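This structure is a prediction, so every number in the text was calculated from the model and none was measured. In each ligand, atom 1 is the first atom listed, and ligand 1 is the first ligand listed.
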Amino acid sequence: MKFQPKASHFINGEYVEDTNGAPIDVIFPATGEIIARLHSATAEVIEQALNSAKVAQREWAALSGTERGRVLRRAADIMRERNRELSILETHDTGKPLQETLVADATSGADALEYFGGLAASLTGEHIPLGGGDFVYTIREALGVCVGIGAWNYPTQIACWKGAPALACGNAMVFKPSETTPLSALKVAELLIEAGAPKGIYNVVQGYGDVGASLVTDPRVAKVSLTGSVPTGRKVYAAAAADMKHVTMELGGKSPMIVFGDADIENAVSGAILGNFYSSGQVCSNGTRVFVQKGIKDQFLARLCERLAAAKIGDPLDESVTFGPMVSENQMKIALSYVDKGKAEGAQLVYGGDRIEGDGFYMQPTVFADVTDDMAIAREEIFGPVMSVLDFDTEEEVLARANDTEFGLAAGVFTNDLTRAHRIVAGFEAGTCYINTYNLAPVEAPFGGSKMSGVGRENSKLAINHFSEMKTVYVSMNDVEAPY
Ligand code: NDP
């Protein structure tokens, strides 16, 4: 098979196989062709991965930050050199167009490796003077063995966004990719070894939810970082809480994008396209509730439909293709079922809505107008290319409606009134906000959600606090005074 790795898992610096594990077929979403067959981790494989991480972590943490950072930065360089090869693999694994994977996957992973590699040498505690010469110093310590569990939409990026800060802080990682997209994390593990990482500090085990669950509950694990849906997040957070483990939860969303009458329509349409149809709509922070002020509704919809007609749907390996298949038949069926719900609930289908016949899992970019707040397509995360356009009159009204959701991942506003833009953003109940743009996630800025969309932040200096903890040391320079 075309993309068959040497073995399913990568543990202690080498590929490991155990064919007793349940088979995992890797499918190219554009054709339905099986491109690799892997096996889910058995209890023995999980044991091997956790043990090797536990042993390797101590030595890794004992290196200087400069030494750890050098490995990560080398890995970033290798990743960039292999960008095309890794992007082709990512396109086969996910179905996302090569035009996207070339600029948004391995490159984003490399950014994380470079950024956290750069920070590693400057991770320190602090000195806190007390009265009379006494003082406190703090030591920033690694947490130990961290587990990363990934979703299928950005497999390389997720493997690096979790691995890079974990390793920079001196932790070891056991990473479980989604079984839908298991291939690229193995490449991340391989190239870290090539960059000089000690064996065992970044291990990959494949598997379904049960493998994730065994990792989360293992007493050797100090932290769990999950990217996934809210229902999975609830289970994983609860399991981690039983042992008071640290968590980062990057979960789902149903984010609002507000377009005021004074906005630059062309930019707002571009934002709505990026925030609904990039990666065939399979992006957690997508602005799938597009609130458009009444006066510009017709103009906005007309221009949106015109622009969507220019999307080139086809073979994702063709670099001119801009819209690819969905990741799996199942995910396509879920998205199509929401098209049926939208129609049944009385929303107006203004663009797309159909499956594209063939072997691949393609559906058209889809837009509903006249959507109301209570409809399922406006309340539930679809995770597919289905945009809901809702009308609004006033600023006060739209902000209340935008926030009326259990989710709080992202939110965006398009307006030329900057005072209003900042007022709206101050009122948004969301972790990541955008003014006159949408869906950017540079490594330098914190990324994450509030409310049901998550706990903690990835990227930026803030991620360091989620992969390390402080030890406080009191030092007395004076006699100890005791009352008796
Ligand atoms: P899921 O929640 O279904 O799965 C996420 C991961 O968790 C998978 O690897 C899954 O394994 C694993 N898992 C499932 N059950 C358990 C369990 N009980 N214990 C431990 N691990 C478990 O999400 P999807 O893979 O379908 O991804 C889509 C979701 O991810 C969307 O809701 C999306 O919004 C969210 N997401 C959030 C992002 C963010 O940064 N906030 C970014 C990208 C996606 P398996 O696949 O085998 O079930």
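Under a 4.0 Å N-O distance rule, the pair E319/R84 qualifies as a salt bridge. With respect to the salt-bridge test (charged N to carboxylate O, under 4.0 angstrom), the residues R80 and E114 qualify. We find that R82 and E194 are joined by a salt bridge, their nearest charged nitrogen and carboxylate oxygen being less than 4.0 Å apart.
Closest to atom 38 (C) of ligand 1, if we only count protein heavy atoms, is C284 SG, 2.9 Å. Scanning the protein for heavy atoms near atom 33 (C) of ligand 1, the closest one is F383 CE1, 3.2 Å. Given atom 5 (C) of ligand 1, the protein heavy atom at minimum distance is T227 O, 3.6 Å. The protein atom (non-hydrogen) at minimum distance from atom 34 (O) of ligand 1 is E381 OE2, 2.6 Å. Ranking the protein heavy atoms by distance from atom 23 (O) of ligand 1 puts S229 N, 3.5 Å first. Atom 7 (O) of ligand 1 has I149 CG2, 3.3 Å as its closest protein atom, hydrogens excluded (heavy atom only). Given atom 10 (C) of ligand 1, the protein heavy atom at minimum distance is K176 NZ, 4.0 Å. W152 NE1, 2.9 Å is the protein heavy atom nearest to atom 26 (O) of ligand 1.
Using a 4.0 Å heavy-atom cutoff, L226 is listed among the residues neighbouring ligand 1. Proximity of F447 to ligand 1 is established by a heavy-atom distance of less than 4.0 Å. Put simply, part of G207 is less than 4.0 Å from ligand 1, judged by heavy atoms. Taking a 4.0 Å cut-off on heavy atoms, G150 registers as neighbouring ligand 1.
Among the atoms of E458, none of the N or O lies under 3.5 angstrom from an N or O of ligand 1.
There is a side-chain donor-acceptor pair under 3.5 Å between N51 and R220. In summary, the side chains of E90 and T156 do present a donor paired with an acceptor at a separation below 3.5 Å, with no hydrogens or angles considered. Looking only at atom types and distance, the side chain of N83 has a donor-acceptor partner in the side chain of S87 under 3.5 Å away. A donor-acceptor pair shorter than 3.5 Å cannot be found between the side chains of Y351 and Q364. For the residue pair W161 and S225, no side-chain donor N or O sits within less than 3.5 Å of a side-chain acceptor on the partner.
Ring geometry, F28 versus H92: the interplanar angle falls from 30° to 60°, so the pair is classed tilted.
Residue L409 has at least one heavy-atom neighbour below 4.0 Å for each of these atoms of ligand 1: 41 (N). Of all atoms in ligand 1, listed by their number and element, those nearer than 4.0 Å to a heavy atom of T232 are 1 (P), 2 (O), 3 (O), 7 (O), 13 (N), 14 (C), 15 (N), 16 (C), 22 (C). Under a 4.0 Å criterion applied to the non-hydrogen atoms of G252, ligand 1 contributes the atoms 32 (O), 34 (O). Which parts of ligand 1 touch N153 is read off a 4.0 Å heavy-atom cut-off, strictly below it: atoms 43 (C), 44 (C). Atom numbering of ligand 1 starts at 1 in the shown order; those under 4.0 Å from a heavy atom of G209 are 11 (O), 13 (N), 14 (C), 15 (N), 16 (C), 17 (C), 19 (N), 20 (C), 21 (N), 22 (C), 45 (P), 47 (O), 48 (O). Numbered from 1 in the order shown, with element, the atoms of ligand 1 that lie under 4.0 Å from a heavy atom of A213 read 19 (N), 20 (C).
Among A151, G148, S214, the residue whose heavy atom sits closest to atom 27 (O) of ligand 1 is A151. Among K235, Q282, E250, the residue whose heavy atom lies nearest to atom 18 (N) of ligand 1 is K235.
Aromatic ring centres of Y202 and W60 lie farther apart than the 6.0 Å criterion allows.
Under the salt bridge (charged side-chain N to carboxylate O under 4.0 Å, His left out) criterion, D318 pairs with K312, not counting sequence neighbours. The side chain to side chain donor-acceptor pair (under 3.5 Å) search around E85 returns none, not counting sequence neighbours.
Looking at Y154 against ligand 1, nothing comes within 4.0 Å, counting heavy atoms.
Applying the 6.0 Å contact sphere to NZ of K187 captures no more than 12 heavy atoms from other residues, nucleotides or ligands.
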